[in-house]
Amino acid sequence: MPRSRPTRIAALVALLLAAATACGDAGELQGAGPTKTAVSPDKLWPKLTPASRPAYEIGEVVREVVKGITVSGGSLRDVDPVTVVRKEMAKSPGDYQGDAAQYRETGRLMSQCGDGAGHGKCPVLRPYYRDLTGDGRPELTLGFRLLPGKTTAVRVYTVEKDRLVQVMSWDDAVSAVELAGRSVIMRSPSEVAGYEYRLQWTWDADQKAMLLTHDEMLRTGPRTMKTPRPSPSHSVSPSRSASPSASRSVSPSASTP
């Protein structure tokens, strides 16, 4: 039979008194040692002229209307992901057609998408739907493999006035992709053993696009003294390459509709 509320309260008080007595028996409070002195940041090279423009064009804002696709009723679930990828491929046919094409295998396997994305050998992966803009309607997040190779293209689309609008684009060697809140989080392998890259795009209402808000290198394994070999795909230096030929390529900025 469960105890009544007064009985439970009395038992709780007795337990707290016992705990307090036990703490007193263990001795008085002990200091954790001297507190470290706070050190203010040092501003380096104060006479250096501040830069007024970026040194590298990395396409911070990706926003483009997908022509030829109408989203009737504003529901992205009615949009065929395979058709969306075909529209993107049609803009750069040289990348997907011919023996010398960079992603020729992707172009060839698109013929295997008769059963839809995520089936068989179709390079278009299963689509996901989640509200990333906060308007109460789910956005479309899709991915497709860039073959040959191990690069994955990740895209996010929203709807504006029955128009399909791409608001995020990234190609990388992907180890994991997550949707959290208003963000897309992508994890990629690093040349440095025991580390990985973690990139996060978050919806920005002013730009009406997903902006790259975090780009960091995180530890994933034990420490190692191994010296990594140089690689053209990633670089931890501030001047990291963002050319389309690198695995972490950035789509060029698109005009705002």
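Only this structure's heavy atoms are used, side chains among them; waters, hydrogens and symmetry mates stay out.
- A donor-acceptor distance shorter than 3.5 angstrom exists from the side chain of E139 to the backbone of L132, with no hydrogens or angles considered.
- A donor-acceptor pair is defined here as one N or O able to donate and one able to accept, closer than 3.5 Å; such a pair exists between the side chain of D131 and the backbone of T133.
- Looking at D172, its side chain never comes within 3.5 Å of a backbone N or O of V174 through a donor-acceptor pair.
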Step by step, work out the side chain to side chain contact (heavy atoms under 4.5 Å, CB included) result for M110 and C113.
-> CA-CA 6 Å; M110 289 298 292; C113 295; 4.2 Å; yes
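- Distance check, rounded to the nearest 0.5 Å: OH of Y103 to OG1 of T151 gives 6.0 Å.
- For the pair V62/M168, no side-chain contact is recorded, criterion being any heavy-atom separation below 4.5 Å from C-beta on.
- Between R145 and K150, the closest side-chain pair of non-hydrogen atoms falls below 4.5 Å.
- With T202 contributing its side chain and R182 its backbone, the two residues share no donor-acceptor pair below 3.5 Å.
- Under 4.0 Å is where a charged nitrogen must lie from a carboxylate oxygen, and between E105 and K121 no such pair does.
- Between the CD atom in E216 and the CG atom in L218 there is a gap of 4.5 Å [rounded to 0.5 Å].
- The minimum heavy-atom distance linking L212 with W201 is given by the pair N-CD1, 3.5 Å.
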Going through the distances and angles, do V184 and L179 end up as a side chain to side chain contact (heavy atoms under 4.5 Å, CB included)?
-> CA-CA 5 Å; V184 177; L179 299 179; 3.6 Å; yes
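- Applying the salt bridge (charged side-chain N to carboxylate O under 4.0 Å, His left out) rule to D135 yields the partners R137; only residues at least two apart in sequence or on another chain are considered.
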Passes side chain to side chain contact (heavy atoms under 4.5 Å, CB included), R63 versus V165? Steps please.
-> CA-CA 7 Å; R63 179 177 164 81; V165 183; 3.9 Å; yes
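- Within 6.0 Å of atom CZ in R130, more than 12 heavy atoms from other residues, nucleotides or ligands are found, so the atom counts as buried in its surroundings.
- Both M210 and V177 are part of a single hydrophobic cluster, where members link through side-chain heavy atoms under 4.5 Å apart.
- Shown here for K208 and V167, the closest heavy-atom pair between the two residues is O-CG1, 3.6 Å.
- In the hydrophobic cluster analysis, where Ile, Leu, Val, Met, Phe, Trp and Tyr join through side-chain heavy atoms closer than 4.5 angstrom, M217 is grouped together with L199.
- With no hydrogens or angles considered, no side-chain donor-acceptor pair links D162 and T70 at under 3.5 Å.
- We find that R155 and E88 are joined by a salt bridge, their nearest charged nitrogen and carboxylate oxygen being less than 4.0 Å apart.
- In terms of heavy atoms, P138 sits closest to L76 at O-CD1, 3.4 Å.
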Show the numbers, then the answer: is there a side chain to side chain contact (heavy atoms under 4.5 Å, CB included) between Q166 and V156?
-> CA-CA 6 Å; Q166 184 184 96; V156 176; over 6 Å; no
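- There is a path of hydrophobic side-chain contacts, each under 4.5 Å, that joins W203 to V154.
- With hydrogens and angles ignored, the 3.5 Å screen pairs a side-chain donor or acceptor of S175 with a backbone N or O of R187.
- For the 3.5 Å distance criterion, the side chains of Q200 and S183 qualify, holding a donor opposite an acceptor.
- Test V85, T106, V82 against P123 for side-chain contact (heavy atoms from CB on, under 4.5 Å) and you get one pass: T106.
- Hydrophobic clustering keeps I185 apart from W170 (ILVMFWY residues linked when any side-chain heavy atoms are closer than 4.5 Å, directly or through intermediates).
- Remark: the backbone N or O of Y197 is not paired with any side-chain donor or acceptor of S188 at under 3.5 angstrom.
- Between L48 atom CG and K43 atom NZ the span is 9.5 Å, to the nearest 0.5 Å.
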Identify all side-chain donor-acceptor contacts of residues 89-100 below 3.5 Å with residues at least two apart in sequence or on another chain.
unit_1 : atom_1 : unit_2 : atom_2 : d
K91    : NZ     : E64    : OE1    : 3.1
K91    : NZ     : E64    : OE2    : 2.8

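- Between the T152 side chain and the F144 main chain, no donor and acceptor come within less than 3.5 Å of each other.
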